[in-house]
Amino acid sequence: MMMSGPQLLLSPQQQVPRSLWSLLCMTTLLLSSIQLTIATAADNDNKKDHHLSAGKLRQLAETALMERKFTDAESYYRQAIAIEPTNSANHYKLYSLHKRMRSYGDALGDITTACQLLETQQADDSSKNKTLEYKRIKAKLLLNLGRCDEAVQEYKSLNEPNDEANKCAEITTIALELYQQQDWSTAIHHFDNILSNYATLGDTPDLLYMKSQAEYNVGDYYGTISDTGKILKSYPQHLEAYQLRGEAYFRLNEMDMAQKHFREGLKLDPEHGGCKEGHRLLKKVTKNDKRGDAAFEKGEYKSAIDFWWGAMNVDIDHLAFVRPTLLKVVRAHMALKEYTKAEEECMKHVNNQESVEGLHLLGEVQSSAEKYKEALRSYQRALEIAPDDQKQHCKRKVEEAQVALKQSTEKNYYKILSVPRNAKLKEIKKSYRELALQWHPDKNTDDTEKAEQMFQDISEAYEVLSDKELREKYDRGEPVFENQGGGQQHQRHHMNPNMFFHQNFQGGGGQQRHHYRWG
């Protein structure tokens with residue numbers, strides 16, 4: 001049997017009293033009635049809007065405008081236009097709204113329609129004056145949008161030549177000729193003149209795009225990014241602006257931003273040639289660069305160098321990428337102890353354009369190659385060109401180079417252990433163990449005296465360079481042992497090199513012990 005009303009699934013012990021059941025049913029019916037009333041009222045309001053007069057709709061639009069409800073105001077004006085499509089006042093009202101909303105393209109269309117409607121109507125004095133008023137507004141709007149040739153024609157139709165429009169048109173003609181001739185710098189100057197003094201409303205995508213291209217061609221990539229950003233703010237589907245902005249970010253080595261813009265363009269048109277090519281080149285560069293970084297981290301320095309050169313050779317003129325990548329190549333050659341090659345590659349960076357970073361790395365390479373005088377000159381040059389906020393750091397580098405030069409004529413602990421001055425403790429330990437094994441007196445019985453001296457020097461060098469405090473003293477050119485005096489040639493203090501060797505090889509505590517057989 002069909003039941004009406006809500007079904008309450010209750011046990012016999014939970015049965016609702018009849019009075020409460022009646023109340024629930026009445027409440028349900030009341031809620032349904034209220035919902036129906038609201039829906040009917042909303043439907044009636046919608047129908048009411050459709051039956052309003054054009055005048056009433058304009059009044060509603062004005063009220064919405066005062067409340068800054070621009071979307072509602074636009075809707076009311078369009079309804080008024082649908083009722084009175086030939087009433088120029090409706091289109092003028094919509095023009096005013098769109099101008100206030102900074103929708104200048106729509107505003108131009110509205111005022112143009114208003115002018116056309118007035119021109120086709122019977123020409124009494126009132127409509128003639130209104131036509132002149134609207135045409136002057138249109139001419140001024142064209143001028144402020146940088147459409148100067150059209151503004152000149154509009155003023156001519158009014159028999160009111162305008163010097164400002166004529167001058168703007170003249171400058172525009174010159175700018176376009178310079179653009180065609182690829183005289184980029186001069187073209188930029190003229191485009192700036194138009195945009196700053198005439199096209200003051202900013203809705204000038206064509207002029208901005210040509211200026212952006214000119215800026216790109218003179219290497220002003222930040223200018224390109226700024227101007228294409230203005231285009232995309234008003235025209236978010238401007239594919240060429242996405243491409244050009246992506247290419248500018250690519251040139252600045254801002255790969256993530258470049259990728260973002262190429263992808264935005266490809267979302268709009270997956271087959272857009274410019275965005276596809278830009279994205280392809282970017283992926284090729286970044287893929288090789290990341291592989292080089294990964295190989296370097298693994299200690300695969302030759303592979304890292306090959307990957308980085310693969311990335312740079314995609315576009316060797318892309319200096320914002322090539323210059324920092326070349327320094328990574330230098331560090332890989334240094335890790336391989338290929339100091340001649342490292343210096344050669346670093347000189348490419350410095351000769352292209354001097355930088356504090358490049359000169360410091362050159363000095364580091366030269367120090368590692370024991371070219372201490374050349375290294376000092378590189379650090380001094382870095383100090384000369386350094387900005388104020390880097391002067392103190394560069395001064396310390398010069399002082400360290402002076403100490404290294406002085407130490408090169410004395411006992412040089414870095415040279416004894418065959419490690420660069422910036423070597424990490426792990427590298428120092430590794431070199432010490434290899435050299436200590438090589439020069440241990442038990443393995444050099446044919447020349448015990450030389451082996452003992454080398455073994456002692458190696459142990460002494462390791463003792464200093466493996467101790468943070470002693471190493472810092474040594475790097476500053478200060479005595480590292482008591483009663484050392486003025487030179488590095490000194491009597492060692494009660495340290496038996498053989499004992500020192502076994503302590504460092506065999507470790508302590510729970511560490512694994514190492515056993516070596518000689519001979």
Side-chain angles (χ1 to χ4, degrees), residues 219 221 249-258 281-282 284-387 389-398 400-401 404 414 419-424 426-427:
Y221 304 123
Y249 275 120
F250 179 77
R251 286 287 157 192
L252 290 170
N253 201 26
E254 296 187 29
M255 299 302 189
D256 290 341
M257 289 299 292
L281 289 176
L282 183 145
K284 190 173 182 180
V285 169
T286 54
K287 185 177 181 180
N288 277 305
D289 186 39
K290 289 176 181 177
R291 285 180 173 179
D293 291 344
F296 187 88
E297 287 298 317
K298 294 178 190 175
E300 300 170 358
Y301 302 118
K302 288 188 180 295
S303 294
I305 291 168
D306 290 340
F307 281 127
W308 284 327
W309 272 111
M312 288 189 285
N313 283 329
V314 172
D315 184 355
I316 202 65
D317 294 324
H318 184 191
L319 295 181
F321 175 77
V322 168
R323 283 176 56 78
T325 306
L326 198 56
L327 295 184
K328 294 197 286 190
V329 168
V330 171
R331 292 187 178 93
H333 282 299
M334 286 183 68
L336 293 166
K337 299 189 185 301
E338 297 172 350
Y339 300 122
T340 301
K341 189 64 177 176
E343 185 175 11
E344 177 188 329
E345 301 292 22
C346 201
M347 286 302 299
K348 292 177 184 177
H349 178 99
V350 172
N351 289 336
N352 171 259
Q353 183 179 338
E354 288 184 332
S355 69
V356 170
E357 183 184 11
L359 286 164
H360 279 180
L361 186 56
L362 178 60
E364 191 178 322
V365 172
Q366 291 165 333
S367 293
S368 299
E370 300 179 18
K371 296 181 177 181
Y372 298 107
K373 290 182 180 178
E374 292 91 334
L376 178 58
R377 283 196 291 269
S378 296
Y379 286 120
Q380 287 171 334
R381 179 57 184 158
L383 177 59
E384 290 173 10
I385 69 169
D389 63 341
Q390 295 186 38
K391 289 288 187 188
Q392 197 61 35
H393 173 66
C394 291
K395 187 177 178 182
R396 284 197 300 271
K397 287 289 186 182
V398 169
E400 290 170 4
Y414 289 104
V419 294
R421 295 185 73 85
N422 66 340
K424 295 181 180 178
K426 183 179 179 181
E427 187 177 354

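As the structure is a prediction and not an experimental result, all values here were calculated from the model.
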Applying salt bridge (Lys or Arg N to Asp or Glu O under 4.0 Å), can you list everything that pairs with [X], at least two apart in sequence or on another chain?
X	result
E374	none
D306	none
R251	D315
K395	none

Exercise for the section: Measure the OG-NZ distance between S378 and K397 for me, rounded to the nearest 0.5 Å. Expected result: 12.5 Å

Problem - Gap between atom SG of C346 and atom CD of E364 - 0.5 Å precision - result: 9.0 Å

If every non-hydrogen atom of [X] is compared with every non-hydrogen atom of [Y], which pair is closest and at what distance?
X	Y	result
A320	L252	CB-C, 4.0 Å
C394	A382	SG-O, 4.1 Å
P420	Y414	O-CD2, 3.5 Å
A304	G292	CB-O, 3.4 Å

Exercise for the section: Enumerate the residue pairs fulfilling salt bridge (charged side-chain N to carboxylate O under 4.0 Å, His left out) with a member in residues 320-329, sequence neighbours excluded, ordered by first and then second residue. Expected result: D289-K328, D293-K328

side-chain contact (heavy atoms from CB on, under 4.5 Å) against [X], all qualifying residues, sequence neighbours excluded:
X	value
K287	R291
M347	E343, N351, L362
A332	F296, Y301, I305, W308
E357	L327, R331, S355

Handout entry: Carboxylate-amine/guanidinium contact K302 E338, below 4.0 Å
Key = yes

Problem - Lys/Arg-Asp/Glu bridge criterion (N-O < 4.0 Å) met for E344, K341 - result: yes

Practice task
May I have the step-by-step check of side-chain contact (heavy atoms from CB on, under 4.5 Å) for L359 and I385, ending in yes or no?
Solution key: CA-CA 10 Å; L359 286 164; I385 69 169; 3.7 Å; yes

Handout entry: Enclosure of K348 NZ (heavy-atom neighbours >12, cutoff 6.0 Å)
Key = yes

Handout entry: Chi angles and distances behind the side-chain contact (heavy atoms from CB on, under 4.5 Å) call for L326, W309
Key = CA-CA 8 Å; L326 198 56; W309 272 111; 3.9 Å; yes

Exercise for the section: Please lay out, stage by stage, how R381 and E384 fare under the test salt bridge (Lys or Arg N to Asp or Glu O under 4.0 Å). Expected result: CA-CA 5 Å; R381 179 57 184 158; E384 290 173 10; 2.9 Å; yes

Handout entry: Side chain proximity check, M334 to S368, heavy atoms < 4.5 angstrom
Key = yes

Practice task
Please examine the side chains of V356 and P387, heavy atoms only from C-beta on, and report whether any two atoms are closer than 4.5 Å.
Solution key: yes

Exercise for the section: Mind checking side-chain hydrogen bond (donor to acceptor under 3.5 Å, both in side chains) for E300 and listing every partner two or more places apart, or none if nothing turns up? Expected result: none

Practice task
Quick one: which residue pairs count as a ring-ring contact (aromatic ring centres under 6.0 Å, His included) with a foot in residues 328-372, not counting sequence neighbours?
Solution key: H360-Y379, H360-H393

Practice task
Only counting residues at least two apart or in another chain, list the ones meeting ring pair (Phe, Tyr, Trp, His ring centres under 6.0 Å) with Y249.
Solution key: H261

Practice task
Check the pair V285 / F250 against side-chain contact (heavy atoms from CB on, under 4.5 Å), numbers first and verdict last.
Solution key: CA-CA 10 Å; V285 169; F250 179 77; 4.2 Å; yes

Exercise for the section: Determine yes or no for a side-chain-to-main-chain donor-acceptor pair under 3.5 angstrom, with K391 supplying the side chain and A386 the backbone. Expected result: yes

